[in-house]
2 protein chains.
Amino acid sequence: MKLELTKLMDPGSRLTEQRALIYKIISDGGQHLDADEIYSRARQKSARISLATVYRTLQKFKQMGIIDELHFGQEHHHYETRQEGEHYHLVCRSCGKVIEFTYPLSSKIKKDVMEARDFKIVGAEVNMTGYCRRCRK
Amino acid sequence: MKLELTKLMDPGSRLTEQRALIYKIISDGGQHLDADEIYSRARQKSARISLATVYRTLQKFKQMGIIDELHFGQEHHHYETRQEGEHYHLVCRSCGKVIEFTYPLSSKIKKDVMEARDFKIVGAEVNMTGYCRRCRK
DNA sequence: ATTGATAATGCGAATCATTTGCATTAATAA
DNA sequence: TTATTAATGCAAATGATTCGCATTATCAAT
């Protein structure tokens with residue numbers, strides 16, 4: 001268990017099997033999983049995990065800033081590891097597929113809004129909906 | 001009950017007291033209410049309404065396109081009447097206040113993304129978080 | 001390596017948001 | 001005025017997430 005995750009733990013926190021597994025699932029487990037999906041993938045790897053732990057871990061990772069929570073308008077949330085560059089999401093209204101796209105909004109908009117509304121922006125979530133090529137035909 | 005809401009009803013739909021009341025509450029009831037808040041305001045006006053009706057009505061209005069659902073990262077959603085111009089939201093991480101701001105993203109970004117990813121955008125939700133002036137001090 | 005303090009877990013129950021089934025009420029077209 | 005049936009209220013059901021608590025296991029200090 002020699003993940004770089006170790007370094008990320010706050011003092012007083014512990015690196016457990018479950019946490020390492022959850023982090024692994026989110027990072028290489030494809031795109032934008034939700035808690036239930038993370039849970040069932042974790043179960044396949046190790047029976048020693050509960051849904052409550054998944055939720056608690058997600059909260060912790062979010063606070064630590066190593067994952068981000070996404071809100072696609074469903075009753076539950078999705079998660080991704082924190083990325084380097086600015087990127088946002090396109091959600092197909094027909095098939096539900098999520099496509100990432102990079103777009104340099106941040107710098108310009110942050111500056112404008114900061115000046116106009118006296119509001120310090122620290123995070124942004126941009127979700128656009130529409131129809132992907134396949135579904136448009 | 002001679003609201004312009006009448007016109008908005010699909011054929012086969014009915015304009016009820018509850019629907020008119022809910023619409024009124026959302027439109028002049030200030031900012032971005034959630035279902036529970038709409039329900040309790042409705043109760044004060046008329047005892048003749050249930051939470052289930054609030055939820056059913058919200059769904060219907062959303063489908064009709066007369067309100068929009070907002071996702072501020074909480075476990076429940078918020079609602080606003082559909083606006084004319086493009087506008088997005090700033091949410092203060094400290095006090096929770098929501099500030100609207102207009103910003104002409106749409107045209108430019110839609111075009112770029114449409115071309116680059118072959119995706120037809122029909123809606124966008126932009127939520128930025130940070131700290132309002134009051135909370136920054 | 002051994003151990004002790006306590007963070008984290010698993011489990012089930014609790015809570016919160018939303019939806020659904022069904023009998024009753026009421027809007028609207030004839 | 002009345003018949004059709006959409007919409008409502010209520011209570012129970014469902015889905016997502018959180019919490020309490022006894023047990024387990026990580027990590028720091030022997």
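Order of the sequence lines fixes the chain letters, A, B, ..., with proteins taken first and strands second; residue numbering starts at 1 for each chain. Being a predicted model, the structure only gives us computed values, none of them experimental.
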Would you classify B/I49 as touching base, sugar-phosphate or nothing, given that sugar-phosphate means primed atoms plus P, OP1 and OP2, and contacts are heavy atoms under 4.0 Å?
sugar-phosphate
Under 3.5 Å donor-acceptor, A/T53 side chain and A/I49 backbone:
no
Using a heavy-atom cut-off of 4.0 Å across all strands, would you classify A/R48 as base, sugar-phosphate, or nothing?
sugar-phosphate
Atom-to-atom span, CG of B/D34 to P of C/dC16 - whole angstrom:
14 Å
Which whole-number value in Å describes the distance from B/E17 CD to C/dT25 C1'?
12 Å
If only atom types and distance count, is the side chain of B/R93 paired as donor or acceptor with the main-chain N or O of B/Y131 below 3.5 Å?
no
Send over the distance from B/E37 CD to C/dC16 P, rounded to a whole Å.
16 Å
Where the side chain of B/H76 is defined as all heavy atoms beyond and including C-beta, which of C/dT18, D/dG9, C/dA7 is the nearest nucleotide?
C/dT18
Measure from the side-chain heavy atoms of A/A52 and tell me the nearest of C/dC11, D/dA25, D/dC10.
C/dC11
Whole-Å distance separating the CD atom of B/Q59 from the C1' atom of C/dT18
9 Å
Counting only side-chain nitrogens and oxygens, does B/Y55 get under 4.0 Å of the OP1 or OP2 atom of C/dT19?
no
Residue that, paired with A/H71, satisfies side-chain hydrogen bond (donor to acceptor under 3.5 Å, both in side chains) out of A/E125, A/H76, A/H89:
A/E125
Can you check whether A/R133's main-chain N or O pairs, donor with acceptor, with B/R117's side chain at less than 3.5 Å?
no
Tell me which nucleotide among D/dG20, D/dT5, C/dT18 gets nearest to the side chain of A/E75.
C/dT18
Which whole-number value in Å describes the distance from A/D36 CG to D/dT14 P?
16 Å
Separation of atom CD in A/E69 from atom P in D/dA16, rounded to whole Å:
14 Å
On the nucleotide C/dT9, are OP1 or OP2 found under 4.0 Å from the side-chain N or O atoms that A/S50 carries?
no
Report yes if a side-chain nitrogen or oxygen of B/R19 is closer than 4.0 Å to either non-bridging phosphate oxygen (OP1 or OP2) of D/dA7; otherwise report no.
yes
Among C/dG10, D/dT17, C/dT18, the one nearest B/H77 by side-chain distance:
C/dT18
Phosphate contact (C/dA26 OP1 or OP2) by B/Q18 side-chain N/O below 4.0 Å
no
Grab the CD-P distance between B/Q74 and D/dT18 for me, whole Å please.
12 Å
Starting at the 5' end of DNA chain D and moving along, which residue's nearest nucleotide shows up first, A/R56 or A/L51?
A/L51
Integer-rounded Å distance: D/dT8 P and B/L58 CG:
12 Å
Do NZ/NE/NH1/NH2 and the carboxylate oxygens of A/K108 and A/D112 come within less than 4.0 Å?
no
Can you figure out which of C/dG10, C/dT9, D/dT8 approaches the side chain of A/T57 most closely?
C/dT9
So which nucleotide from D/dT8, D/dA6, C/dA8 ends up closest to the side chain of B/R14?
D/dA6
So, does B/T16 get its side chain near the phosphate of D/dT8, meaning an N or O under 4.0 Å from OP1 or OP2?
yes
Under 6.0 Å between ring centres: does that hold for B/H78 and B/F72?
yes
For the side chain of A/A35, counting heavy atoms from C-beta on, which of D/dC27, D/dT17, D/dA7 is nearest?
D/dT17
